[in-house]
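Scroll down for the structure; my scribbles are underneath it.
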Amino acid sequence: MPDIKIKGSEIENIVDSLSSIVDKKEYCNDNYVSITLKNECGKGGISIIKISEFITSINFDLTFYKDQNISFNSNSSHHIDFIYCLEGHLKQKLLNQTKLEPISFRQNSIFGRASKTKNVITFLGDVHVKACVVIFKNENVLRIVNEHKEVDLRATAVKELSNSFEQKDFSYLGRICFKPAIYAKELFCSNNVSSPDLLFAEAAILNIIASQWEKHIEDSNSEEADAPLRQSELDQIIAVESFIISNISENLSIDRLVNISGLNPAKLQLGFNYLFNTTISSYVREKTLR
């Protein structure tokens with residue numbers, strides 16, 4: 001399938017950019033659009049929610065039959081993409097990168113793109129994905145604070161967010177982060193057709209940004225930010241965690257998980273503690289009790 005190029009963060013431009021894969025679209029209002037995929041492209045759909053002049057969320061709940069590239073572009077302004085996979089996984093590449101980088105299941109992923117830089121997200125064929133791409137338009141005007149003008153709490157927070165990120169290209173692929181999953185689930189469960197639904201969706205999107213931002217600050221300030229294992233080994237541990245979730249009713253002994261991962265027990269425990277802040281046994285026990 002041809003690449004899809006999304007320009008800017010205006011909801012009308014996003015809908016037009018996706019037209020080649022759209023079977024049906026439904027408008028709730030000027031700030032919400034729901035899209036169903038064409039049968040030949042895949043199954044599922046996309047919702048687009050604009051909650052302010054500066055924040056738009058594109059929410060994918062779908063399976064493409066073949067690899068599909070979607071690029072996010074802008075001719076002006078700096079944008080920050082907060083990307084979070086509730087289910088499945090993606091690949092990503094900024095314009096200046098030489099290769100695709102994996103965005104794993106529930107990994108904290110934040111990308112900055114300056115004017116004329118594009119961020120390419122690859123949806124892999126036959127992989128079901130639930131993922132949010134929250135686009136924050138990081139304009140210089142947000143940095144100007146009029147001390148004599150009253151502003152609401154969200155406006156104050158948006159200014160702080162703008163000041164926290166330099167207006168340049170950057171790629172942050174952080175640790176597994178579970179807190180945004182709480183809000184992403186709420187977002188995907190909402191039908192977004194009534195006023196309460198839209199308010200819940202707005203709260204969920206803001207909380208996704210806040211929890212990813214919070215984790216980014218925590219990792220940036222941590223003396224243990226450097227991973228103790230190679231990325232390929234961490235990917236093996238993430239695969240083990242996905243296996244645990246899918247087979248929680250089975251016997252998930254350490255020996256079995258070691259065999260699945262291909263890592264020795266020490267590395268498996270070390271990596272699990274790094275990614276999930278707990279031991280394997282505690283993690284399995286917690287999931288079993290739910």
Parallel, tilted or perpendicular: ring planes of Phe82 versus Phe165, cut at 30 and 60 degrees: perpendicular
Main-chain N/O of Ser104 paired to Gln107 side chain as donor or acceptor, under 3.5 Å: yes
Side-chain heavy atoms of Ile280 within contact of Leu252, under 4.5 Å: no
Asp16: side-chain hydrogen bond (donor to acceptor under 3.5 Å, both in side chains) partners, not counting sequence neighbours: none
Cluster overlap Leu270 with Val284, hydrophobic side-chain contacts below 4.5 Å: yes
Within residues 83-103 or reaching into it, pairs that qualify as ring pair (Phe, Tyr, Trp, His ring centres under 6.0 Å) - sequence neighbours excluded: none
Exercise: do Ser77 and Ser74 side chains pair donor with acceptor under 3.5 Å: no
Ile49 side chain reached by Asn31 side chain, heavy atoms, under 4.5 Å: no
Flag side-chain contact, heavy atom, 4.5 Å: Val258 against Ile260: no
Asp61 and His128 side chains, donor-acceptor separation under 3.5 Å: yes
Min side-chain heavy-atom separation Ile35-Lys24 under 4.5 Å: no
With Phe188 via ring-ring contact (aromatic ring centres under 6.0 Å, His included) - residues at least two apart: none
Pairwise side chain to side chain donor-acceptor pair (under 3.5 Å) hits with a residue in residues 254-272, at least two apart: Glu233-Lys267, Glu250-Arg256
Asp67 side chain vs Gly125 backbone, donor-acceptor pair below 3.5 Å: yes
Within residues 30-39 or reaching into it, pairs that qualify as salt bridge (Lys or Arg N to Asp or Glu O under 4.0 Å) - sequence neighbours excluded: none
Plane angle bin for His216 and Tyr172 - parallel if under 30°, tilted between 30 and 60°, otherwise perpendicular: perpendicular
same_hphob_cluster(Val120, Leu94) at 4.5 Å side-chain heavy-atom cutoff: no
Arg285-Thr288 side chain donor-acceptor pair, cut-off 3.5 Å: no
Separation of Asn108 CG from Cys177 SG (nearest 0.5 Å): 4.5 Å
Set of salt bridge (charged side-chain N to carboxylate O under 4.0 Å, His left out) partners for Arg113, sequence neighbours left out: Asp81
Gap separating the OG atom of Ser109 from the CD atom of Glu101, nearest 0.5 angstrom: 10.5 Å
Interatomic spacing from CG in Leu206 to CD1 in Ile51 - rounded to 0.5 Å: 3.5 Å
Flag if over 12 foreign heavy atoms under 6.0 Å of CZ, Phe200: no
Test item: Ser282 side-chain N/O and Thr278 main-chain N/O as donor-acceptor pair under 3.5 Å: no
Derivation of the side chain to side chain contact (heavy atoms under 4.5 Å, CB included) call for Phe105 and Ser242: CA-CA 8 Å; Phe105 169 78; Ser242 296; 4.2 Å; yes
For Glu186, salt bridge (charged side-chain N to carboxylate O under 4.0 Å, His left out) partners two or more places apart: none
Full working for side chain to side chain contact (heavy atoms under 4.5 Å, CB included) between Ile6 and Ile70: CA-CA 7 Å; Ile6 294 176; Ile70 298 181; 3.7 Å; yes
Contacts of Val129 that satisfy side chain to side chain contact (heavy atoms under 4.5 Å, CB included) - sequence neighbours left out: Leu90, Phe123, Val127, Ala131
Full working for side chain to side chain donor-acceptor pair (under 3.5 Å) between Ser71 and Asn73: CA-CA 6 Å; Ser71 65; Asn73 313 257; 3.1 Å; yes
Side-chain donor/acceptor of Ser17 to backbone N/O of Lys5, under 3.5 Å: yes
Close side-chain approach of Ile103 and Lys91, heavy atoms under 4.5 Å: no
Within one Ile-Leu-Val-Met-Phe-Trp-Tyr cluster: Phe178 and Ile244, side-chain cutoff 4.5 Å: yes
Where at least one partner belongs to residues 39-51, residue pairs that pass salt bridge (Lys or Arg N to Asp or Glu O under 4.0 Å), sequence neighbours excluded: Glu10-Lys50
Heavy-atom side-chain proximity of Ile4 to Leu18 below 4.5 angstrom: yes
Atom pair CD1/CD1 of Ile135 and Ile83 - distance to nearest 0.5 Å: 9.0 Å
Partners meeting salt bridge (charged side-chain N to carboxylate O under 4.0 Å, His left out) with Glu87 (sequence neighbours left out): Lys130
Exam field: side chain Ser211 to backbone Asn207, donor-acceptor pair closer than 3.5 Å: yes
Test log, rule ring-ring contact (aromatic ring centres under 6.0 Å, His included), inputs Phe72 and Phe111: CA-CA 11 Å; Phe72 297 84; Phe111 306 95; over 10 Å; no
Where Leu257 and Phe243 come nearest, the two heavy atoms and their spacing: CD2-CD2, 4.2 Å
Polar contact flag, side-chain donor to acceptor under 3.5 angstrom, Thr36-Asp23: no
Point-to-point distance, once rounded to the nearest 0.5 Å, from CD1 of Ile208 to CH2 of Trp213: 15.5 Å
Set of residues satisfying side-chain hydrogen bond (donor to acceptor under 3.5 Å, both in side chains) with respect to Ser9, sequence neighbours excluded: none
Heavy-atom donor-acceptor pair, Ser52 side chain to Ile55 backbone, under 3.5 Å: yes
Path from Ile48 to Leu86 over hydrophobic side-chain contacts below 4.5 Å: no
Partners passing salt bridge (charged side-chain N to carboxylate O under 4.0 Å, His left out) against Lys118 (at least two apart in sequence or in another chain): none
Shortest non-hydrogen contact from Gln92 toward Ser171: OE1-OG, 4.4 Å
Euclidean distance, Ser57 OG relative to Tyr32 OH, rounded to 0.5 Å: 11.0 Å
Any side-chain heavy-atom pair of Ile58 and Cys132 under 4.5 Å: no
Short N-O contact, Glu241 and Arg106, less than 4.0 angstrom: no
Short side-chain to backbone donor-acceptor contact, Ser19 and Val15, under 3.5 Å: no
Mutual orientation of the aromatic rings belonging to Phe136 and Phe54 [parallel < 30°, tilted 30-60°, perpendicular > 60°]: tilted
Validation row: Tyr283, Lys287 side chains within 4.5 angstrom (heavy atoms): yes
Distance-minimising heavy-atom pair for Gln212 and Pro180: CG-CG, 3.8 Å
